[in-house]
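To start, the structure itself, in structure tokens.
Along the sequence shown, residues are numbered consecutively beginning with 1.
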Amino acid sequence: MPQVAPSLLAADFARLGEAVQMVNRSSASLIHIDVMDGMFVPNITIGFPVISAIHRIAEKPLDVHMMVMDPGRYVSQVRDSGAAIMNVHWEACTHLHRVIHSIKAAGMKAAVTLNPATPVMLLRDIIADLDMVLLMSVNPGFGGQKFIRRTVDKVTELRRLIAESGSMATIEIDGGVDLTTAPALISAGADILVAGSYVFRAPDPIAAIADLAAL
């Protein structure tokens with residue numbers, strides 16, 4: 001069964017504490033937090049003071065997805081805000097190896113995200129060092145987008161690369177995840193499902209999380 005990481009990007013920011021408490025009561029494994037800088041992606045979301053506030057009440061580990069330029073500048077701030085996982089984009093890191101090992105040295109799990117047009121094989125020389133790979137199944141920057149079907153094939157390719165390298169990395173998917181798209185992703189080898197709109201627009205978000213986790 002997959003792990004579920006509800007994405008707070010889809011929550012009502014005026015009631016963010018209530019959203020975190022709901023996830024605490026649910027069967028979710030992680031809380032996914034999107035940090036956007038208005039440069040790497042067009043949108044701007046939240047910063048470290050808000051992440052720290054979330055951490056104070058969160059009972060699930062924080063998976064902090066840095067959709068920002070040059071994310072290596074922020075390793076200490078991400079750590080100090082309470083993140084368990086720091087997730088950086090391949091496309092935003094000039095010196096990815098250095099960034100990954102600085103994340104690990106800071107005591108966090110290191111993850112790399114690939115945009116929809118970025119090939120899986122570009123991770124060949126770093127996959128053994130990673131704790132997690134996030135495949136974007138929509139273009140980053142906004143919630144509620146349509147799922148890109150090609151992602152299923154990318155999961156299969158990534159699972160093969162992980163097996164061939166001996167890596168222990170898990171596979172996370174973000175974008176358009178729901179009960180329709182999730183089964184194929186899980187069959188292809190996905191471990192963690194990020195779900196935003198599917199969870200927070202549901203009449204019963206706790207039940208929606210449970211339904212995904214039961215697949």
Side-chain angles (χ1 to χ4, degrees), residues 1-10 23 26-34 60-67 84-91 100 109-124 126-202 205 207-215:
M1 294 189 295
Q3 298 180 57
V4 180
S7 173
L8 295 183
L9 180 64
V23 177
S26 77
S27 56
S29 299
L30 301 166
I31 297 176
H32 191 82
I33 301 175
D34 291 305
K60 314 281 184 175
L62 302 186
D63 172 21
V64 177
H65 180 187
M66 298 293 288
M67 299 186 195
I85 304 167
M86 181 171 175
N87 206 321
V88 301
H89 273 257
W90 181 93
E91 303 85 1
I100 291 304
K109 290 186 177 180
V112 169
T113 301
L114 298 183
N115 281 342
T118 303
V120 164
M121 288 308 295
L122 291 174
L123 294 178
R124 182 182 59 189
I126 194 69
I127 190 68
D129 297 331
L130 302 181
D131 297 299
M132 184 168 75
V133 176
L134 170 57
L135 297 179
M136 292 299 302
S137 43
V138 299
N139 286 293
F142 299 94
Q145 298 181 63
K146 185 177 179 181
F147 179 78
I148 298 173
R149 296 296 309 177
R150 162 73 179 130
T151 310
V152 176
D153 295 332
K154 291 183 74 173
V155 174
T156 301
E157 294 170 19
L158 178 56
R159 179 55 63 196
R160 185 182 307 118
L161 177 62
I162 289 170
E164 290 171 352
S165 69
S167 172
M168 299 299 292
T170 55
I171 300 175
E172 185 176 47
I173 308 298
D174 184 1
V177 172
D178 57 26
L179 292 180
T180 300
T181 57
L185 292 166
I186 296 165
S187 295
D191 303 297
I192 305 167
L193 304 175
V194 176
S197 299
Y198 166 77
V199 168
F200 288 101
R201 294 180 185 173
I209 293 168
D211 288 342
L212 274 184
L215 290 174

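- Each salt bridge (charged side-chain N to carboxylate O under 4.0 Å, His left out) pair with one or both residues in residues 179-200, not counting sequence neighbours, appears once here: Arg159-Asp191.
- Proximity of Val177 to Tyr198: side-chain heavy atoms (C-beta onward) are nowhere separated by under 4.5 Å.
- When side chains are defined from C-beta on, Ile85 does not count as touching Leu62, because their heavy atoms never get closer than 4.5 Å.
- Remark: Arg149 pairs with no residue by the side chain to side chain donor-acceptor pair (under 3.5 Å) rule, at least two apart or across chains.
- With sequence neighbours excluded, the residues that form a side-chain contact (heavy atoms from CB on, under 4.5 Å) with Ala84 are Pro61.
- Ala28 pairs by the side-chain contact (heavy atoms from CB on, under 4.5 Å) definition with Pro6, Val23, Ser26, Ile209, not counting sequence neighbours.
- What you find for Pro2 and Leu215 is that their closest heavy atoms are CD-O, 3.1 Å.
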Which pairs would a plain distance check flag for residues 126-135, meaning a side-chain donor or acceptor within less than 3.5 Å of a matching protein atom at least two apart in sequence or in another chain?
residue: Asp129; atom: OD2; partner: His101; partner atom: NE2; Å: 3.3
residue: Asp131; atom: OD2; partner: Lys104; partner atom: NZ; Å: 3.2
residue: Asp131; atom: OD2; partner: Ala110; partner atom: N; Å: 2.8

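- For the side-chain contact (heavy atoms from CB on, under 4.5 Å) test, residues two or more places apart in sequence or in another chain that qualify with Thr156 are Arg160, Ala188.
- Between Ile173 and Val194, every side-chain heavy-atom pair lies at or beyond the 4.5 Å cut-off.
- The shortest distance between side-chain heavy atoms of Ile33 and Leu9 does not fall below 4.5 Å.
- What you find for Lys60 and Ser29 is that their closest heavy atoms are CB-O, 4.1 Å.
- Residues passing the side chain to side chain donor-acceptor pair (under 3.5 Å) test with Asp153, sequence neighbours excluded: none.
- Among pairs with a residue in residues 172-188, none fulfils salt bridge (charged side-chain N to carboxylate O under 4.0 Å, His left out), at least two apart in sequence or across chains.
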Acceptor/donor pairs from residues 114-123 side chains to any protein atom, 3.5 angstrom cut, sequence neighbours excluded:
residue: Asn115; atom: OD1; partner: His89; partner atom: ND1; Å: 3.3
residue: Thr118; atom: OG1; partner: Glu91; partner atom: OE2; Å: 2.5

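- Every residue meeting the side chain to side chain donor-acceptor pair (under 3.5 Å) condition with Ser7, not counting sequence neighbours, appears here in chain and number order: Asp34.
- Residues that satisfy the side chain to side chain donor-acceptor pair (under 3.5 Å) test with Asp63, not counting sequence neighbours, are His32.
- Put simply, the side chain of Ile171 reaches to within 4.5 Å of the side chain of Ile162, judged on heavy atoms.
- Using a 4.5 Å cut-off on side-chain heavy atoms (C-beta onward), Ile192 and Leu30 make contact.
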